[in-house]
Amino acid sequence: LDTLEEKNGFLSRMALNDNKAGMEGLDRDKINKIIMETSKGSRFYENELKRELQVNQRIEKMMLQKAQITEQQLKKAQAEVERMAASMEKSRDLSRVIVHVDMDAFYAAVEMRDCPELKDKPMAVGSMSMLSTSNYHARKFGVRAAMPGFIAKKLCPDLIIVPTNFDKYRAVSNEIREIFALYDPHFQPLSLDEAFLDFTDHIEQRKSWPESLRTHHYHIIKGKPPKMNQWYDELTTVPEDKDLSPVLFEDSPVSSPSLPCSGAAAGAVEVFGTSVEEAVREMRFRIEQKTMLTASAGIAPNMMLAKVCSDKNKPNGQYVLPSTREAVMDFIQTLPVRKIFGIGKVSEKMLNALGVSNCSHLSQQMALLSLLFSDTSWHHFMEVSLGLGHTFIPRHEERKSMSTERTFKEMNQTDQQLALCKTLCQDLAGDMKKEGLQAKTVTLKLKNVNFEVKTRAQTLLYAISTEEEIFAAAKELLKTEIENESPQPLRLRLMANNSEAACERFFIFRP
DNA sequence: GGGCTCGCAGTTC
DNA sequence: TTCCAGAACTGCGAGCCC
């Protein structure tokens, strides 16, 4: 296998993932060298090595399987693929207007807004052990989400690491969700900063709206944050001439909404049109006026495409994919498979081994893929290669499980482990109580100091909810693991308790 | 031998 | 010194039942 480590002498799964806005044209080799030097020999690295080996073995197995496929089998598969394609094609619906909105470098942007000194410095949100996100200055150094802070510091010694403040992000999230609801009351949040919206109805109504309903005022001007913003008071020490403009990124694409430039006086207005683009531009304008933060959006006939589109003009941009089969197919052809929701590092590597790196390869190799992957997998690949996706936004489903986990420095004392387990059960029971839930399966997850993960579950005869009941099950699972390890102690770095509604596999009991 | 349930590892966001 | 947290879903194998 022509893997990266053979070429460059390191693990490909450890290498920089620059598949992210603001990370084009970096000195990858230099960055990777630093990442490698910092990680090499660590327990984490050793575990990654093991996992990479496993993936390579999976690929080898797949290639062996591929070698045994006959011309006949392939022909038969091709026929099946074509039948399936024709049937999927019939379900194509280009009538919906789906929007995916995504805040730009959300946590980092919030912190920069609230502390303007950070604005033109490389910064990230998180800790020395893990970063949640980074700003665009930091990304230029290869610093990105899911990277430990101590490695980021090696890449960018001047990096400022701000601790996460979830309550604050939740509050901002609520503000933007209020705006989402104006366009689609049934919008689906994916996380604090991301959501799917169905704009179809809004666009229909908007057509007949008078200009007054589409006119919006600027509240924010340079140097003068509005009084109504709660953070204003905290900032009163900031000198008047300090630039408080919400422009966070110097390289914003041109499609960005008109930002309040220095000429925009308070009370200036902006009139938005009736098209989808204008409606989305208006929504982003309102988000910016309300929060001083920018968002990017993708507009497409389905959720799969909208998600990809929102990434296209990030940050502070939007991208419309016209609702014609031709436009969709053109768009899909050059799309790298890694951009697709659901295809991560491992699947990408497996597909690459088969010469599939973008979606046009995907359709060309579909017969082969149908023989090498499970039905669910290749059906998904097929839908993607046809540019199909969900056209309606599912209403929020009930949760299927709930868990709480904690990472810590090595813990090898049984009494400490049991105490922690009890605490986790207590937290979990508290969370379950908040939502009035009960569960039938209790799962204990352990990660040892070598980063090896184990989960052990027990399904009960009846649903439970209290701390004592959960702990009774979790304690037994933990004791079994401790015994299995003895006389060696169990050396843990993470413990989690999860409760799941496992009656009929997934089912939550509501009392 | 199929069809089901369950446990667990692994992938992805 | 230091490599997250939480949720969903899939695949696969073992065990059980008919």
Side-chain angles (χ1 to χ4, degrees), chain A residues 13-14 17 19-20 35 38-48 50-51 54-55 57-58 61 100 102 107 124-133 144-154 161 163-164 166 189-194 307 311 337-350 373-380 394 396-410 424 427-428 431 440-447 449-460 477 481 493-508:
Chain A
R13 57 181 300 123
M14 291 286 292
N17 175 359
N19 176 21
K20 187 126 184 122
I35 296 178
T38 317
S39 329
K40 208 144 197 172
S42 68
R43 285 178 166 142
F44 178 80
Y45 177 82
E46 295 301 318
N47 188 254
E48 288 296 289
K50 215 171 80 191
R51 288 175 62 188
Q54 283 169 9
V55 173
Q57 280 168 359
R58 261 176 84 179
K61 212 170 120 192
H100 178 258
D102 193 357
Y107 299 171
V125 177
S127 68
M128 276 308 240
S129 41
M130 189 50 61
L131 302 179
S132 297
T133 185
R144 57 159 300 152
M147 178 181 274
F150 72 94
I151 289 179
K153 277 277 197 185
K154 290 260 161 68
I161 298 179
T164 42
F166 273 103
L190 291 184
S191 59
L192 287 182
D193 75 315
E194 237 182 291
K307 175 101 169 105
D311 196 49
V337 288
R338 186 64 171 85
K339 292 271 178 190
I340 297 154
F341 192 86
I343 298 184
K345 235 185 322 201
V346 175
S347 308
E348 181 192 27
K349 202 171 170 184
M350 305 217 16
F373 288 81
S374 71
D375 283 358
T376 14
S377 293
W378 80 263
H379 290 171
H380 179 233
H396 192 68
E397 308 272 317
E398 289 196 333
R399 75 154 70 237
K400 296 174 175 123
S401 69
M402 184 177 260
S403 67
T404 177
E405 67 184 73
R406 224 144 286 167
T407 297
F408 36 81
K409 288 229 164 61
E410 172 164 355
L424 288 166
D427 292 352
L428 184 59
D431 290 345
K440 266 194 89 174
T441 300
V442 175
T443 305
L444 176 73
K445 173 176 159 186
L446 302 173
K447 191 189 272 183
V449 289
N450 294 318
F451 289 86
E452 293 160 339
V453 179
K454 251 184 211 170
T455 59
R456 293 290 177 262
Q458 190 185 5
T459 299
L460 307 161
L477 293 167
E481 288 313 302
R493 77 175 331 273
L494 173 146
M495 191 188 295
N497 275 319
N498 174 76
S499 61
E500 195 176 323
C503 176
E504 297 177 46
R505 188 127 200 176
F506 297 122
F507 184 74
I508 289 278

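Here is the naming used below: chain letters follow the sequence lines, and residue numbers restart at 1 for every chain. Only this structure's heavy atoms are used, side chains among them; waters, hydrogens and symmetry mates stay out.
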From C-beta outward on A:Ser347, which listed nucleotide comes closest to its side chain: B:dC8, B:dT12, C:dA7? B:dT12
What does A:Ser39 touch in the nucleic acid at a heavy-atom separation under 4.0 angstrom: a base, only the sugar-phosphate, or nothing? base
Which heavy-atom pair separates A:Thr133 from A:Ala145 by the least distance, and what is that distance? CA-CB, 4.0 Å
Are A:Lys307 and A:Asp102 ion-paired here, with the side-chain N under 4.0 Å from a carboxylate O? no
N-O pairing of A:Lys445 and A:Glu405 below 4.0 Å: yes
Would you indicate what A:Thr404 reaches in the nucleic acid, counting non-hydrogen atoms under 4.0 angstrom: base, sugar-phosphate, or nothing? sugar-phosphate
Which part of the nucleic acid does A:Ser377 contact within heavy-atom distance under 4.0 Å: base, sugar-phosphate only, or nothing? sugar-phosphate
Would you classify A:Arg456 as touching base, sugar-phosphate or nothing, given that sugar-phosphate means primed atoms plus P, OP1 and OP2, and contacts are heavy atoms under 4.0 Å? sugar-phosphate
Test item: A:His100 and A:Glu194 side chains (from C-beta on) under 4.5 Å apart, heavy atoms: yes
OP1, OP2 of C:dC4 versus side-chain N and O of A:Ser132: anything below 4.0 Å? no
Using a heavy-atom cut-off of under 4.0 Å over every strand shown, decide if A:Met402 touches base, sugar-phosphate, or nothing. sugar-phosphate
Counting the atoms with a prime plus P, OP1 and OP2 as sugar-phosphate, which does A:Ile343 contact under 4.0 Å by heavy atoms, base, sugar-phosphate, or nothing? sugar-phosphate
Of the listed nucleotides (B:dG10, B:dT11, C:dA5), which one gets closest to any side-chain atom of A:Gln54? B:dG10
Look at A:Arg338 and B:dT12 and indicate whether a side-chain polar atom (N or O) is within less than 4.0 Å of OP1 or OP2. no
Base, sugar-phosphate or nothing for A:Leu131? Non-hydrogen atoms, less than 4.0 Å. nothing
Given atom CG of A:Leu428 and atom P of C:dA7, what is their separation to the nearest angstrom? 9 Å
What contact category does A:Lys447 fall into here, base, sugar-phosphate, or nothing, at under 4.0 angstrom with non-hydrogen atoms? sugar-phosphate
Nearest-Å distance, CD1 (A:Ile161) to C1' (C:dC4)? 14 Å
N or O in side chain of A:Thr455 less than 4.0 angstrom from B:dC8 OP1/OP2: no
Among B:dC8, B:dC13, C:dT2, the one nearest A:Lys307 by side-chain distance: B:dC13
Counting only side-chain heavy atoms from C-beta out, which of C:dT2, B:dC6, B:dT12 sits nearest to A:Thr459? B:dC6
With a 4.0 Å cut-off on heavy atoms, is A:Leu444 in touch with a base, just the backbone sugar-phosphate, or nothing at all? nothing
Atom CD of A:Glu481 and atom P of B:dA9 are separated, to the nearest Å, by 9 Å
Phosphate oxygens OP1/OP2 of C:dT2: is one of them under 4.0 Å from a side-chain N or O of A:Ser42? no
So, does A:Arg58 get its side chain near the phosphate of B:dT11, meaning an N or O under 4.0 Å from OP1 or OP2? yes
B:dT11, C:dG6, C:dC4: which one has an atom nearest the side-chain heavy atoms of A:Val346? B:dT11
Length of the line joining A:Leu494:CG and C:dC4:P, which is rounded to integer Å: 8 Å
Just compare C:dT10, C:dC4, C:dT2 and give me whichever is closest to any side-chain atom of A:Thr376. C:dT10
Is a donor on one side and an acceptor on the other found under 3.5 Å between the side chain of A:Ser127 and the backbone of A:Ser129? yes
Spacing between A:Leu460 atom CG and B:dT5 atom P, to the nearest angstrom: 18 Å
Could you tell me the separation between the NZ atom of A:Lys154 and the P atom of C:dT1, rounded to a whole number of Å? 8 Å
Is it true that the side chains of A:Thr459 and A:Thr441 contain a donor and an acceptor less than 3.5 Å apart? yes
So A:Ala146, base contact, sugar-phosphate only, or nothing? Heavy-atom distance under 4.0 Å. base
A:Asn498 CG to B:dC8 P: how many Å, rounded? 12 Å
Rounded to whole Å, how long is the line connecting atom CG of A:Leu424 with atom P of C:dG6? 9 Å
Note: for A:Phe341 and A:Lys454 on DNA chain B, the residue whose nearest nucleotide lies more 5' is A:Lys454
Show the nearest heavy-atom pair for residues A:Ser132 and A:Tyr107, with the distance to one decimal. CB-CD1, 3.7 Å
Taking only side-chain N and O atoms of A:Ser403, does any of them lie within less than 4.0 angstrom of OP1 or OP2 on C:dA7? yes
